[in-house]
Amino acid sequence: MIVLSDAAKNASCDAICALANGGSIEFLDGATLLVVFTLQTTAFEDAGTSVVGAARAIGGDGTNPVSISNPLVATATDAGSFDTYQVKSSGGSVLWSGSATADFQFNGDIADGQKARIIDWTFTTDGDIIPAERLTLWDPGLNAVGGIPTYTTVFASMTTSDSYADIQDALDDAHTAWLGTGGTVGQVVLLAAGTYDISGTQGFTVLSGVVLRGAGFDATFLTKVSDGATYPVAIIGKRWPKYSAGSLLTIDGVKDEYTVTLASTTVGGHAIVAGDLIVINQEPDPDFVDWGTHVGPPGDPSRGWFNERDRPLGQICEVVSVVGSVVTVNTPLHHSFSTAFAAHVCMFGDGTGGDPDLGNNGGDANLEQTQYAGIEDLCVEYGDGDDGGGNLHMFASKYCWIKNVESRYSTGHSVNLDGCFRCEVRDSFIHSTVDPNPGGAGYGTGCNGYASDCLFENNIIWNFNKVTVCRASGGGNVWGYNYMDDMYGSSYRDIVEIGCGPNHYACSHHELFEGNRAPNYDTESFWGNSIYGTAFRNHFTALRRNDSHLPDPLLDAHNRRAVGVQTSCWWHSFVGNVLGLSGQTPLSGTDLHANSYDQIGFTYQADIHNVDVDGPVPMWKLGYDGTEHPTEADPSVLATTYRHGNFDYVTNDIVWDSTVSNQNIPDSLYLSSKPDFMGSKAWPWVVAENPSDPLADTLPAHDRFVAWSEA
Amino acid sequence: MSLTLSSAAKNASCNATVDLCEQGSGAGKLKIKATSTVLATITLHDAAFENSGTNGTPGQARAVGGDGTNPVSGGNPLSGTASATGTANVYDVTDSDDNVLWSGTVTATGGGGDLTLDNTSIANGQSIQITSWVHSQP
């Protein structure tokens, strides 16, 4: 790696900044130009004035750097949410561009005609803190549309005297009422406090424009008997959507771009129009997809459990426009899609016209999309149905949400987003499967079937076999600031399960885990690998809580670690995390199977030549496999794992990648400012760059759990 | 930062750095080292590098070879004589006053270094030739 002197850094920075003299900076929302700022004749101060290799933009007075009292000011010409920016020369040439959310901080979306101000802007050529191919635009959930709306129109108020059928009728009629307003006025079906026994039913279905709202998760209870009826407690969307016939891409779809070019813009008998959800996917490219050894051969139904068969790498996008053969969408492609692997676009349908041998896929694109629906302020329990069931399950929906709920005692994912786009699960307590075992019954949260750009934020996810699974998820999804703990199998409570991470099927990609607290981040490839996962500013403790409310105690005797990356899981990135606990202690004694064990101590990284041997507890366990137990670490994992700026309690220091010059860890990879739920807490709360005190505060979701546990 | 630089910006950045070779009283220098021991010092030309992007890749500038005009090549190498014995692994580029401008790695051909030699084992008094050298930035 070339290392520039300070003089060279400054000269390089000055040379670029000089090109911007008298130019402009434009902020955009997708392809929509929101606001243009004119730069000063001398656009930037001399590099090195404050930081070597960096230069601050000159503010409105034409002399001094931008600041609150000396901003650059412009008037917005359109409304929206910034996602990218570009700096242009006075002649109009683009000089550089970047992610607005990563490089600037905003205090909200912008309105047409609004005065906008740049009060802080420093340019540096110090390179990316994470290589660009590992990043994407993370603008998840409803953030891109101003957040979750608050519906105030109560369509119906229901009580425990109303039957299941009465309430479902109200939900259906509320949807009709929303349609009657042209989709402009959201409708609330309000459930009074009490327990609603819906055993023996198919559970509630919530459609577009409707919120099912209780009186609080400690007041309104929706309960089913877990009787094998295989239905969730509530569904948003239409259950079991199918994939329509597709149309091939005629040009490769390129990562970070917003268009795909198709052989035909009519798929499954439907002409694609603005607002449609489309699925982009391709046949498996072995450079990215490793199905592993547990799924069946090509064409086997097991290769279509969570995606269009044999097409695990995909993404869901929302269409903005169709011009000729070019379809423009409003999120960037998180991964490239190749014509060499028959990349195509399909949509969702109900299976009409599909091929029974392919699970009725390949038919009509006729599924009504559910949007702007939500479930709020109630408790659900005892949903059933494994992978198609659970407690709360969204299917093929966009801009829908689950907020402030308690979801407990599930069989199947407690909360599952299947084939969803920009949906959100937040501020909730998701816990306690009744079946803490592999196989689909014991999972906490799911992000499956190409689900893309969704957000799980500020939740507690506790007491499951696995706390997160991402099965053929589509990228752009974020788990932010959740507390996740106590994952286990009932027959192996002394072996630490995988913690948070994109897991358990091929080929999740470009998912972000930020600000969470969990015993570990781990990826496994039992049903296929994952690629391009990013862990940023999390605290991975390397110890399960073993909370007293568990049905049986846990013991972290085996496979205890802070981070694991298992075989064939490639290009996972770790920046700014804190690993381990202050004062951590090794365990020894007799495990739950009457075998003795002794952890001896802790080590920075597991021995790659004895990667699966229990011994000192590693902060990093790379290239192992929790099922096949190879001795040697997978070299492809060692070669592609990126670690930079992580603190651990073994070295008691931050460890940088010596080949990366940029050591400025941004506050967030998806938030532009401190989120409201952090309240008075320090943000970021994980500050690996401060080795003397790498945890600036506690996580609110963790605080809530401790308060519940100790009450 | 999450920047994507234009070709113009890449070239401006690269040129700004390589132009520093001429900032001293004379021509700049390439010092091939075994860690901290200088094995050979090769005097660069003034100008030391062609304009960035001339080879068709924005942000890349080839060193000027022995003829003082064209990029280094097998027929137009930069040449010097070793002043010490050792295995080259790093290099410094300095101005004529020995201010270090940038540093990089040295490997044998195919080893992936920022500068490659056909043989990194250098003996005192040995003739050294640079036949390929491209500075890439940022």
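Chain identifiers are assigned alphabetically (A, B, ...) following the order of the sequence lines, protein sequences preceding nucleic acid strands; residue numbering begins at 1 within each chain.
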Applying side chain to side chain donor-acceptor pair (under 3.5 Å), which residue pairs with at least one partner in residues 26-39 of chain A are found, sequence neighbours left out?
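Pairs touching residues 26-39 of chain A that pass the test: A/Glu26-A/Gln86, A/Glu26-A/Lys88.
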Which value, rounded to the nearest 0.5 Å, describes the distance between A/Leu4 atom CG and B/Thr17 atom OG1?
5.0 Å
Do you know which of A/Asp6, A/Leu95, A/Val87, A/Ile130 has the most heavy-atom pairs with chain B at a distance under 4.5 angstrom?
A/Leu95
What's the shortest heavy-atom distance between [X] and [Y], and which atoms?
X: A/Ala8; Y: B/Leu20; answer: CA-CD1, 3.5 Å
X: B/Ala16; Y: A/Ala11; answer: CB-O, 3.2 Å
X: B/Ala9; Y: A/Leu19; answer: CA-CD1, 3.8 Å

Atom pairs and distances, side-chain donor-acceptor, residues 121-129 of chain B, under 3.5 Å, sequence neighbours left out:
| unit_1 | atom_1 | unit_2 | atom_2 | d |
| --- | --- | --- | --- | --- |
| B/Gln126 | OE1 | B/Ala123 | N | 2.8 |

Between B/Leu115, B/Val90, B/Leu101, B/Val18, the one whose heavy-atom pairs under 4.5 Å with chain A are most numerous
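Ranked by contacts with chain A, first place is B/Leu101.
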For chain A, which residues of residues 48-58 of chain B have at least one non-hydrogen atom nearer than 4.5 Å to it?
none
Give the table of side-chain donor-acceptor pairs shorter than 3.5 Å for residues 30-40 of chain B, with sequence neighbours excluded, one pair per line with atom names and distance.
| unit_1 | atom_1 | unit_2 | atom_2 | d |
| --- | --- | --- | --- | --- |
| B/Lys31 | NZ | B/Asp98 | OD1 | 2.9 |
| B/Lys33 | NZ | B/Asp92 | OD2 | 2.7 |
| B/Thr35 | OG1 | B/Asn89 | ND2 | 3.2 |

